[in-house]
Amino acid sequence: MKKILVTRKLLRSNEDKLKSLYDVKLNLNDELYSQDKLIELSKGCDGILSALTDKLDDQTISKLPESIKILSNFAVGFGNIDLEAAKKRNIAVTNTPEVLTDATAEIGILLILGACRRAAEGIEGAKASNWKWSADYLIGKQLTGTRLGILGMGRIGQKIAKIARSLGMIIHYHNRSKLNDEKENGAIYHEKLDSLLSVSDVLSVCCPASKETINLINKEALEKLPQGAVVTNVARGDIVDDEALIDALDRRKVYAVGLDVYKGEPNLNPGYTKHKSAFILPHLGSATKETRTAMANLAIDNMTEFFETGGCKNKVN
Ligand code: DGY
């Protein structure tokens, strides 16, 4: 029986499935393992079921025991893993696409609504019972007829586009390549990021974090947005230059932000936590029971496919 290290606590049904298939080292207290502890615990294991909170950088991967053959990441994003380092060590890396598209797109829409309709200020006022209805109280931005710029039109971007279209938004997107007509579904393609930014009344960041996208939304990019645009990010914090975005909020160049992901999670730049126009969530993208169950099942199936066949359809390196 193969031996597996599971770095984070999973839902009960997923842990039961793992126990029926593998000799597993579970993390019942959901301790956040240091890199050294992760290396230590992986001794004698054939694979690791990792999470986005595990920093599997070059140094860590180079110290993993020879027996480790797969890092099955419990996420669609894999920016926490150095793919090249894993490849050098002949370790397969897999992810969990598709199963979290709907849940993450729902949060993407919540960020747009929350930021545009001033939900953070509204919640604060309602909880403090210090609000007074008036014709101009917390007037926000209506989505109907507003242009939504989607940066990264993969599965999540397409689902956000579908829901946003039903809310009356006009969809524009920038992607490495233009989608076919069916996937595009009337959305307007921008080959250049600058061109997308110039029409994005609301920007939704949906692209993966990679060497090419780190700090892509920086000072120069933010200046290209229409005055008073809204910026939302449901992908990865690394894509946004926080200082630049907070400065743009302070100057009212950006009207509001809706964020679910951050650089250096769980620590947020304090500029966001104190800003009244920041609608912020703690990385809830895939956080529904159905989705987390399906993600962990897929992470387990990825391992099984790999051990049985030597390959995996969700291998990313
Ligand atoms: C992912 O899978 O990359 C999501 O961000 C998890 O919530």
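In this structure, Ile163 is a member of the same hydrophobic cluster as Val99, with clusters built from ILVMFWY side-chain heavy atoms closer than 4.5 Å. In the hydrophobic clustering of ILVMFWY residues, with side-chain heavy atoms under 4.5 Å counting as a link, Ile239 and Leu249 come out together. Note: the hydrophobic cluster containing Val240 does not contain Ile214 (ILVMFWY, side chain heavy atoms under 4.5 Å, direct or indirect links). Transitive grouping of hydrophobic side chains (ILVMFWY, heavy atoms separated by less than 4.5 Å) keeps Leu111 and Tyr272 in distinct clusters. In the hydrophobic clustering of this structure, Ile150 groups with Leu167; members are Ile, Leu, Val, Met, Phe, Trp, Tyr whose side-chain heavy atoms approach within less than 4.5 Å, directly or through other members.
Atom CD of Glu31 has more than 12 heavy atoms from other residues, nucleotides or ligands within 6.0 Å. Residue-environment remark: NZ (Lys253) exceeds the threshold of 12 foreign heavy atoms within 6.0 Å. More than 12 heavy atoms of other shown residues, nucleotides or ligands fall within 6.0 angstrom of atom CZ in Arg8. The neighbour count for Asn130 CG, taken as heavy atoms of other residues, nucleotides or ligands under 6.0 Å away, is above 12. Applying the 6.0 Å contact sphere to CZ of Arg12 captures no more than 12 heavy atoms from other residues, nucleotides or ligands. Sparse packing is recorded around CD of Glu124, with 12 or fewer heavy atoms of other residues, nucleotides or ligands lying under 6.0 Å away. Counting non-hydrogen atoms of other residues, nucleotides and ligands closer than 6.0 Å to CD of Glu265 gives a total above 12.
Ile217 approaches Ala221 most closely through the heavy-atom pair CA-CB, 4.1 Å. Contact detail for Cys45 and Ser67: the closest heavy-atom pair is O-OG, 2.6 Å. Pairing each heavy atom of Ala278 with each of Ala120, the nearest pair is O-CB, 3.5 Å. Asp58 and Ala85 make their closest contact through OD1-CB, 3.4 Å (heavy atoms, listed as atom of the first residue, atom of the second, distance). Nearest heavy atoms, Gly149 versus Ser200: CA-OG, 3.3 Å. Residues Ser50 and Thr7 approach most closely at CA-OG1, 3.6 Å, considering heavy atoms.
The aromatic rings of His190 and His172 are tilted relative to each other, their planes meeting at an angle between 30° and 60°. Under the 30°/60° scheme for interplanar angles, the aromatic rings of Tyr189 and His174 are found to lie parallel.
The line from CG of Asn269 to CG of Leu259 is 10.5 Å long, rounded to the nearest 0.5 Å. Here His283 contributes atom NE2 and Leu52 contributes atom CG; the two are 5.0 Å apart, rounded to the nearest 0.5 Å. Atom CD of Glu182 is separated from atom CG of Asn180 by 6.0 Å, given to the nearest 0.5 angstrom.
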(message) Between Lys224 and Asp194, is the salt bridge (Lys or Arg N to Asp or Glu O under 4.0 Å) condition met? List the steps.
(response) CA-CA 7 Å; Lys224 307 264 162 48; Asp194 286 1; 3.5 Å; yes

(message) Under the criterion side-chain contact (heavy atoms from CB on, under 4.5 Å), I'd like the reasoning laid out for Lys19 against Val24: C-alpha separation, chi angles, the key distance, then a yes or no.
(response) CA-CA 6 Å; Lys19 282 193 268 185; Val24 268; 3.6 Å; yes

(request) Starting from the C-alpha separation in whole Å, work towards a yes-or-no answer on side-chain contact (heavy atoms from CB on, under 4.5 Å) for Leu83 and Phe78. (result) CA-CA 8 Å; Leu83 296 186; Phe78 38 82; 3.6 Å; yes

(request) Apply side-chain contact (heavy atoms from CB on, under 4.5 Å) to the pair Gln158 and Cys206, showing each step before the final yes or no. (result) CA-CA 9 Å; Gln158 287 171 43; Cys206 300; over 6 Å; no

(request) Tell me, with the steps shown, if Glu121 and Arg118 meet salt bridge (Lys or Arg N to Asp or Glu O under 4.0 Å). (result) CA-CA 6 Å; Glu121 290 166 88; Arg118 304 176 67 177; 2.9 Å; yes

(request) Show the numbers, then the answer: is there a salt bridge (Lys or Arg N to Asp or Glu O under 4.0 Å) between Asp23 and Lys2? (result) CA-CA 6 Å; Asp23 179 4; Lys2 298 280 186 197; over 6 Å; no

(message) What verdict does the side-chain hydrogen bond (donor to acceptor under 3.5 Å, both in side chains) test give for Glu184 and Tyr173, after you've listed the backbone C-alpha separation in whole Å, the side-chain angles of each residue and the deciding distance to 0.1 Å?
(response) CA-CA 9 Å; Glu184 213 169 54; Tyr173 74 101; 2.4 Å; yes

(request) With salt bridge (Lys or Arg N to Asp or Glu O under 4.0 Å) as the test, would you mind laying out the steps for Asp301 and Lys17 before giving the verdict? (result) CA-CA 10 Å; Asp301 292 348; Lys17 174 167 167 160; 3.0 Å; yes

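With hydrogens and angles left out, the side-chain atoms of Asn314 and Asn302 include a donor and acceptor closer than 3.5 Å. A donor-acceptor contact under 3.5 angstrom links the side chains of Asn215 and Lys263, judged on distance only. A donor-acceptor contact closer than 3.5 angstrom links the side chains of Gln35 and Asp57. Looking at Tyr33 and Thr53, their side chains never bring a donor and an acceptor atom within 3.5 Å of each other. A side-chain donor from one of Ser134 and Asp136 sits under 3.5 Å from a side-chain acceptor of the other.
The shortest distance between side-chain heavy atoms of Lys219 and Asp241 does not fall below 4.5 Å. When side chains are defined from C-beta on, Leu143 counts as touching Ile112, because their heavy atoms get closer than 4.5 Å. Leu38 places a side-chain heavy atom less than 4.5 Å from the side chain of Asp54. Counting heavy atoms from C-beta outward, Leu28 and Glu15 have side chains that approach closer than 4.5 Å.
Considering Asp247, Val231, Ile246 as possible partners of Val254, the one that fulfils the side chain to side chain contact (heavy atoms under 4.5 Å, CB included) test is Val231. Tested against Asn233 for a side chain to side chain contact (heavy atoms under 4.5 Å, CB included), the candidates Leu151, Val205, Asp260 yield a single pass: Val205.
In this structure, the side chain of Asn95 engages the main chain of Val76 through a donor-acceptor pair within 3.5 Å. Between the Lys63 side chain and the Ile39 main chain, no donor and acceptor come within less than 3.5 Å of each other. In this structure, Asn27 contributes its side chain and Lys9 its backbone to no donor-acceptor pair below 3.5 Å. Judged by distance alone, the side chain of Ser195 and the main-chain N or O of Glu191 form no donor-acceptor pair under 3.5 Å. Glu308 places no side-chain N or O within 3.5 Å of a backbone atom of Glu305 that could act as its donor or acceptor partner. Looking only at distances, no side-chain donor or acceptor of Thr213 sits under 3.5 Å from a matching main-chain atom of Leu216. Judged by distance alone, with hydrogens and angles left aside, the side-chain atoms of Arg89 form a donor-acceptor pair with the main-chain N or O of Ile61 at under 3.5 Å. When atom types are taken as modelled, the side chain of Asn317 and the backbone of Val93 share a donor-acceptor pair closer than 3.5 angstrom. With hydrogens and angles disregarded, a donor-acceptor distance shorter than 3.5 Å links the side chain of Thr232 to the backbone of Leu203. Under the 3.5 Å distance criterion, the side-chain polar atoms of Asn80 are matched with a main-chain donor or acceptor of Ala51.
Cation-pi contact between Lys141 and Tyr255: present, with separation from the ring centre below 6.0 Å and deviation from the ring axis of at most 45°.
In this structure, the side-chain contact (heavy atoms from CB on, under 4.5 Å) partners of Ser286, at least two apart in sequence or on a different chain, are Leu100, Thr104, Thr291, Arg292, Met295.
Between Asp201 and Arg147 a salt bridge is recorded (basic side-chain N to carboxylate O distance below 4.0 Å).
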